[in-house]
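The structure appears below as structure tokens.
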Number of protein chains: 2
Amino acid sequence: MKYSTRDKILDAVYKLVYINGYNGTSIDMILKECSIPKGSLYHYFKSKKEMVLAVVKERIAPKMYEFYDLKKVKEEDSIDTMIRAILKVSKKEELVKFGCPLNRLNQEMSPVDDDFDKAINLIYERMKGDILSVLRDGSINPDVDLDSLAQFIIATVWGSLSLSPKHSSKKRYLNTINHLINYLKSLKH
Amino acid sequence: MKYSTRDKILDAVYKLVYINGYNGTSIDMILKECSIPKGSLYHYFKSKKEMVLAVVKERIAPKMYEFYDLKKVKEEDSIDTMIRAILKVSKKEELVKFGCPLNRLNQEMSPVDDDFDKAINLIYERMKGDILSVLRDGSINPDVDLDSLAQFIIATVWGSLSLSPKHSSKKRYLNTINHLINYLKSLKH
DNA sequence: TTGATTTTAGACTATTTAGTCTAGTTAAAG
DNA sequence: CTTTAACTAGACTAAATAGTCTAAAATCAA
């Protein structure tokens with residue numbers, strides 16, 4: 001299994017854009033990071049934007065589905081499944097340290113570029129759908145609106161991860177998110 | 001009361017950086033936005049970075065303290081005060097549309113620049129302190145950790161505001177944040 | 001092996017970037 | 001009115017930016 005040039009590029013761009021943002025990452029930084037010449041880069045991608053959109057689809061999306069993978073943490077009770085997924089996030093060091101890569105790019109690019117907005121929202125909607133389907137076949141108090149609850153869960157996790165990157169820690173995340181867990185427990189039927 | 005050049009610059013930079021980010025805002029964009037020559041800009045600020053740091057201190061900070069101003073919404077019960085403050089956020093159109101300006105800049109700059117990290121964290125800590133002092137003289141269940149609760153409130157509000165700028169609305173914010181309000185109510189002693 | 005295709009290589013270009021510099025203008029202070 | 005200081009004006013510079021282009025090298029199919 002060889003490590004293709006295209007994969008090398010996508011990995012480097014993922015890493016650099018995650019930390020420096022889209023506008024904070026230059027083509028030269030990317031070339032240096034993965035030691036390839038410019039010709040190769042523009043052989044695989046027709047522009048910087050196309051390249052980063054590819055990263056969204058081929059790197060960020062799978063990571064998001066994996067981070068919040070609900071099948072792997074399935075419990076008998078749907079609330080317990082959610083709680084396990086939320087706790088599992090704390091084990092991903094990069095998430096705790098730098099926040100959610102999708103949320104970061106979303107904040108930078110969605111207000112100024114429709115293509116990013118669409119690509120990112122697609123992932124967001126699927127995540128929300130995944131959460132919803134877990135919540136639906138659970139034992140949740142029937143007068144709770146599940147759609148807004150799914151949204152609330154994502155918003156709270158993202159928000160907790162976004163508090164001051166430099167001073168973040170697993171412990172801080174767990175302390176914050178503990179309130180979400182308490183709330184979820186209170187919704188059990 | 002005259003509208004000084006310096007104020008004009010700070011207002012323009014606030015607006016442009018809010019939407020386009022630090023790296024997405026060029027000096028030329030700023031000059032165009034407020035129709036002043038380059039010489040004036042560099043007369044008042046020695047660099048782009050100094051200028052945006054001034055915006056953080058003189059524009060973003062006051063706005064944050066105002067957005068979440070707890071004195072103006074004071075109720076008898078501290079939980080009710082918090083709830084009113086959280087609901088008041090929905091009335092600020094720019095917040096609902098583009099998210100929290102402090103959080104946006106924080107995500108872009110804190111991981112890559114210590115000066116921004118410090119300036120932003122100072123504001124964050126003061127906000128947290130303001131919230132804490134309200135929570136403390138209230139009727140909250142004594143085994144609730146107030147520090148992490150304050151953090152949870154900020155994280156949840158910021159997270160709710162950051163969900164897909166383009167598709168945000170007052171209604172969506174209120175739906176999401178309603179779960180936070182339910183949780184806060186459940187903490188009453 | 002041969003011929004075609006894909007991939008690498010990096011010099012080059014046009015534009016944009018932050019920031020400098022000097023001369024001119026306006027306002028304030030005496 | 002005069003002198004000094006604050007401010008405006010924008011041409012200019014050096015570096016960085018995204019992207020182009022042509023030629024060479026490696027890979028693949030016959």
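Chain letters run A, B, ... following the sequence lines, proteins first and then strands; every chain starts at 1.
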Rounded distance in Å - [atom1] ([X]) to [atom2] ([N]):
{"X": "B/Met51", "N": "C/dG19", "atom1": "CE", "atom2": "C1'", "answer": "11 Å"}
{"X": "B/Asp28", "N": "C/dT16", "atom1": "CG", "atom2": "C1'", "answer": "8 Å"}
{"X": "A/Glu50", "N": "D/dT20", "atom1": "CD", "atom2": "P", "answer": "12 Å"}
{"X": "A/Asn20", "N": "D/dT17", "atom1": "CG", "atom2": "P", "answer": "11 Å"}
{"X": "A/Lys32", "N": "C/dG10", "atom1": "NZ", "atom2": "P", "answer": "16 Å"}
{"X": "B/Leu31", "N": "C/dT16", "atom1": "CG", "atom2": "P", "answer": "15 Å"}
{"X": "A/Lys48", "N": "D/dA16", "atom1": "NZ", "atom2": "C1'", "answer": "12 Å"}
{"X": "B/Met29", "N": "C/dA18", "atom1": "CE", "atom2": "C1'", "answer": "14 Å"}

Name all residues meeting the side-chain hydrogen bond (donor to acceptor under 3.5 Å, both in side chains) criterion together with [X]; count only those two or more places apart in sequence or in a different chain, and write none if there are none.
{"X": "B/Tyr44", "result": "none"}
{"X": "B/Ser4", "result": "B/Asp7"}
{"X": "B/Lys92", "result": "B/Glu66"}
{"X": "A/Ser139", "result": "A/Asp77"}

### Query
Of the residues in residues 106-117 of chain B, which ones touch DNA chain C at a heavy-atom distance under 4.0 Å?
none
Under 3.5 Å, sequence neighbours excluded: what are the donor-acceptor pairs made by side chains of residues 180-189 of chain A?
unit_1, atom_1, unit_2, atom_2, d
A/Tyr183, OH, B/His179, ND1, 2.7
A/Ser186, OG, A/Tyr183, O, 2.6
A/Lys188, NZ, A/Asp80, OD1, 3.4

### Message
Could you work out, with ring pair (Phe, Tyr, Trp, His ring centres under 6.0 Å) as the rule, every residue matching B/Tyr18, not counting sequence neighbours?
### Response
B/Tyr14, B/Phe98
Review item, side-chain donor-acceptor pairs of residues 126-134 of chain A, under 3.5 Å, at least two apart:
unit_1, atom_1, unit_2, atom_2, d
A/Lys128, NZ, A/Asp147, OD2, 3.4
A/Lys128, NZ, A/Gln151, OE1, 3.4
A/Ser133, OG, A/Asp130, O, 3.0

### Query
Does anything in residues 14-25 of chain B pair up under salt bridge (charged side-chain N to carboxylate O under 4.0 Å, His left out), and if so which pairs, sequence neighbours excluded?
B/Lys15-B/Glu33
## Note on the structure
Within residues 33-46 of chain A, the residues having a heavy atom closer than 4.0 Å to DNA chain D are A/Lys38, A/Tyr42
### Query
Near DNA chain D, which residues from residues 4-19 of chain A have a heavy atom under 4.0 Å away?
none
### Message
For B/Tyr3 and B/Asp11: C-alpha separation, side-chain torsions, deciding distance, then whether side-chain hydrogen bond (donor to acceptor under 3.5 Å, both in side chains) applies.
### Response
CA-CA 11 Å; B/Tyr3 189 25; B/Asp11 287 342; 2.6 Å; yes
### Task
Using the six-membered ring of B/Tyr42, assess whether NZ or CZ of B/Lys48 lies under 6.0 Å from its centre and within 45 degrees of the ring axis.
no
#### Entry: Results of salt bridge (Lys or Arg N to Asp or Glu O under 4.0 Å) for A/Lys171 - residues two or more places apart only
none
